[in-house]
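Read through the structure below, which is laid out as C-alpha cells, and then see the notes.
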Amino acid sequence: MLIKKGPYGQFTTEAIDSQDSIFDYASGIIALNQDGFFLPCYVDNGPAGINLNFDFSGLQSLPEFESSQSIVNATDRRRDTVHRQTRRRKTAEFLSSILNDINILISPSSIVLDMNFVFTDTAGEELKICLIPVRQSATKLSLSSLGYERLEELLSSSFFDGVISNDEKQLLVYCTKANDEHMFEECCQRICNTEYKADITISDSSKQRAAVNSPDKRVIYVCISLAMALISLKLIGPVPFGIFTATGLMISVKITIDLRKLRQRTNESKARHMSEERRQILFPNNSAGNDISEMNITSAVLASENTAQGISPQYAIYLDRTNIGSDCFLSDIVLDSPKVSSLHAIIYKTDTGFFISDCSAKGDTFLEDCKIQGDRRYEIKNGQKLTVGDLDFRFRTVFD
C-alpha cells in the first residue's frame, strides 16, 4: 500500500487487478461501517489501473502516533491512564468485531494489519483499519486467516504497551493460530471488562526482601568464622581452627540450600500468578458488560427469485430452527430441484437475528454468492441473497 497526501485529504491506496474482483457486498459493509473501525474506501478507475483509496484525513498511523508522544509528566499521568483504558476497550472491541465480520462474510484476510496502515486519532483512543473489499474463498472465512504472525507484529507496537498485557497478547496470538474463536472472544471480553494489569506482581514484597537479605547476613557469619579459624590457628592450635572452619562450611552449605529454595519459591510464585491471570482471562467470574442490543424479531420471509409460470413462491420462517431441503419428511421448506440435498441447510432464529448453516452433500449453499462452510453459522441480514443449490432467494426479516 502507498500513502498519498493531496489538497482534499490524506489517502492510502492499494492497486487491484480488475473491477470484477471487487466484492460489492464488502464495499457496502465498509460504507455502513456499523462497528466504526473501517476507513472510508473509494474506487478510482484511472488510466493507470484500478486503485482503492482509503481516507485517513485527521488521523495518524501508529508509528507516527508513537513518535509524537512525549514523556508524560505527573499532571498528565491521570489523563494518560484514562486514554489508555479507553484504548484498551477500543482494542478489545476491534478484535471482537473481527469475529462478527466473519459471520457476515467478511474475511479477516482482507484486513490490513500492517501498523503503518493502522490509524488512530491524536489522543490514541480510536483504531481505524483498511479493509480490502475483494471476494475471498470460503476457506478464508475463519479466524486463522487473520494470520497470527500479522496479529503478533501489530500487537508488538508500543501503541499497545500498558494497554494489553503480554499474557493477553500471547493468548490472542495463540487463539488465532489455533483458530479457536470461542477462546478469542472470551479474551476480548476479558480485556474489555477489566483494567490493565502488569503480567507479574509480587504481593508481599517485604517477605521477599527479608528472604533475600537473610543470606547476606549469614555470609558475614561465614567470613567471621573463617577469620576466627585463622586467628585460632596461630594463637590457640589446630583443634579450634578445625571447629571454626567446619562451622563456616556448614553455614556456607546452608546458604546455598536456602538460596536454591528461595529461587524455587520465587519461580513458583510467578508461575501461580501468571496461571491465575490466564485463568481470569479465559474464565472471568462474571460476564457483565456484554452489551448486546436485543431486537424484537418475529419472523422472516424467504422470497424466491426463480419465477415459475409468473409465480414467485415465498416461504415463512418463524420457528427457532427451519430445515430447508428436498425431503418432505426432513424439511420444513421443501424445494424441488435435483441440486438440492435432502437436508440442505438450516436457518436458526434467535433474539438478535437469523443465522444459516450448510448441511448439503456438496456444500452448494451461497450467501451473497459466497459459498459458506458447513462447520459454522453465518448471520443473514435483511435483503441478502441466499442460494440453495441452483435456486435463488431474497431474505426479508419481519419486526414487531
Side-chain angles (χ1 to χ4, degrees), residues 35 37 62 66 84-85 87-118 120 127 129-131 136-201 266-290 373-378:
D35 292 329
F37 296 107
L62 295 192
E66 294 164 7
R84 288 182 182 274
Q85 187 60 29
R87 194 183 309 167
R88 177 176 170 83
R89 177 175 55 82
K90 286 290 187 180
T91 301
E93 291 175 354
F94 158 64
L95 294 172
S96 183
S97 72
I98 293 174
L99 298 180
N100 297 330
D101 292 337
I102 295 175
N103 292 335
I104 56 174
L105 307 180
I106 298 299
S107 172
S109 62
S110 299
I111 298 174
V112 179
L113 288 187
D114 187 331
M115 67 179 68
N116 293 302
F117 303 103
V118 177
T120 185
L127 272 177
I129 60 170
C130 302
L131 176 67
Q136 301 286 359
S137 65
T139 57
K140 292 190 176 182
L141 288 172
S142 62
L143 177 62
S144 60
S145 71
L146 183 66
Y148 74 93
E149 294 176 333
R150 293 198 305 153
L151 179 61
E152 186 174 30
E153 182 180 359
L154 175 66
L155 295 180
S156 67
S157 167
S158 61
F159 177 85
F160 299 101
D161 292 347
V163 176
I164 304 179
S165 70
N166 289 331
D167 276 352
E168 291 165 339
K169 292 179 182 178
Q170 292 171 11
L171 183 59
L172 289 167
V173 172
Y174 168 78
C175 293
T176 304
K177 185 176 182 179
N179 199 36
D180 193 329
E181 296 180 6
H182 176 72
M183 188 184 294
F184 190 89
E185 177 64 22
E186 289 284 346
C187 184
C188 292
Q189 290 295 334
R190 169 69 180 173
I191 294 172
C192 190
N193 298 330
T194 60
E195 295 182 358
Y196 169 80
K197 291 183 180 179
D199 295 292
I200 298 177
T201 56
T266 302
N267 292 335
E268 289 176 352
S269 175
K270 291 179 179 179
R272 282 195 301 271
H273 173 77
M274 295 176 70
S275 177
E276 177 63 19
E277 284 293 309
R278 292 189 179 96
R279 189 190 69 80
Q280 289 295 328
I281 292 171
L282 294 175
F283 309 106
N285 294 328
N286 59 74
S287 57
N290 296 338
Q373 294 175 300
D375 57 350
R376 64 176 299 117
R377 296 183 183 184
Y378 297 85

Check your understanding: Just how far is it from atom CG of Leu146 to atom CG of Leu113, taken to the nearest 0.5 Å?
Key -> 5.0 Å
Study note, to complete from the structure: Ser142 and Ile102 have their tightest heavy-atom pair at C-CD1, 3.7 Å
Review point. For Thr194, what residues pass the side chain to side chain donor-acceptor pair (under 3.5 Å) criterion, not counting sequence neighbours?
Key: Arg88
Review point. How close do Ser145 and Pro108 get, heavy atom to heavy atom, and via which atoms?
Key: OG-CD, 3.4 Å
Study note, to complete from the structure: Closest heavy-atom pair, Val118 versus Leu127, reported as atoms and distance to 0.1 Å, is CG1-CD2, 3.8 Å
**Study point:** Pairs meeting criterion salt bridge (Lys or Arg N to Asp or Glu O under 4.0 Å) with involvement of residues 172-183, two or more places apart
**Key:** Glu181-Arg376
**Study point:** Summary of salt bridge (Lys or Arg N to Asp or Glu O under 4.0 Å) pairs that have at least one residue in residues 149-166, sequence neighbours excluded
**Key:** Asp161-Lys169
Check your understanding: With Phe94, which residues qualify under ring pair (Phe, Tyr, Trp, His ring centres under 6.0 Å), at least two apart?
Key -> Phe37
Practice item. Without swapping roles, check the side chain of Thr176 against the backbone of Leu172 for a donor-acceptor pair under 3.5 Å. Key: yes
Review point. Atom CE in Met183, atom CD in Glu185: separation rounded to 0.5 Å?
Key: 13.0 Å
Point to revise | Minimum-distance pair of heavy atoms, taken over all atoms of Phe160 and Leu62 | key: CE1-CD1, 4.2 Å
Review point. Any idea which heavy atoms bring Asn179 and Ser144 closest together, and the distance?
Key: OD1-N, 2.9 Å
Practice item. Only counting residues at least two apart or in another chain, list the ones meeting side chain to side chain donor-acceptor pair (under 3.5 Å) with Asp114. Key: Asn116
Point to revise | Approximate separation, where rounding is to 0.5 Å, of Ile98 CD1 and Leu151 CG | key: 7.0 Å
Check your understanding: Between the main-chain N or O of Lys140 and the side-chain N or O of Ser109, is there a donor-acceptor pair closer than 3.5 Å?
Key -> no
Point to revise | Nearest-0.5 Å distance that lies between atom OG in Ser110 and atom CG in Asp101 | key: 10.0 Å
Check your understanding: Taking side chain as C-beta onward, heavy atoms only, is Cys175 less than 4.5 Å from Glu186?
Key -> no
Exercise for review: Provide the closest heavy-atom pair for Val173 versus Tyr148 in the form atom of the first, atom of the second, distance.
Suggested key: O-CB, 3.7 Å
Point to revise | Separation of Leu95 CG from Leu155 CG (nearest 0.5 Å) | key: 6.5 Å
Point to revise | Salt bridge present between Arg89 and Glu93 (N-O < 4.0 angstrom) | key: yes
Review point. What residues form a ring pair (Phe, Tyr, Trp, His ring centres under 6.0 Å) with Phe159, not counting sequence neighbours?
Key: Phe65
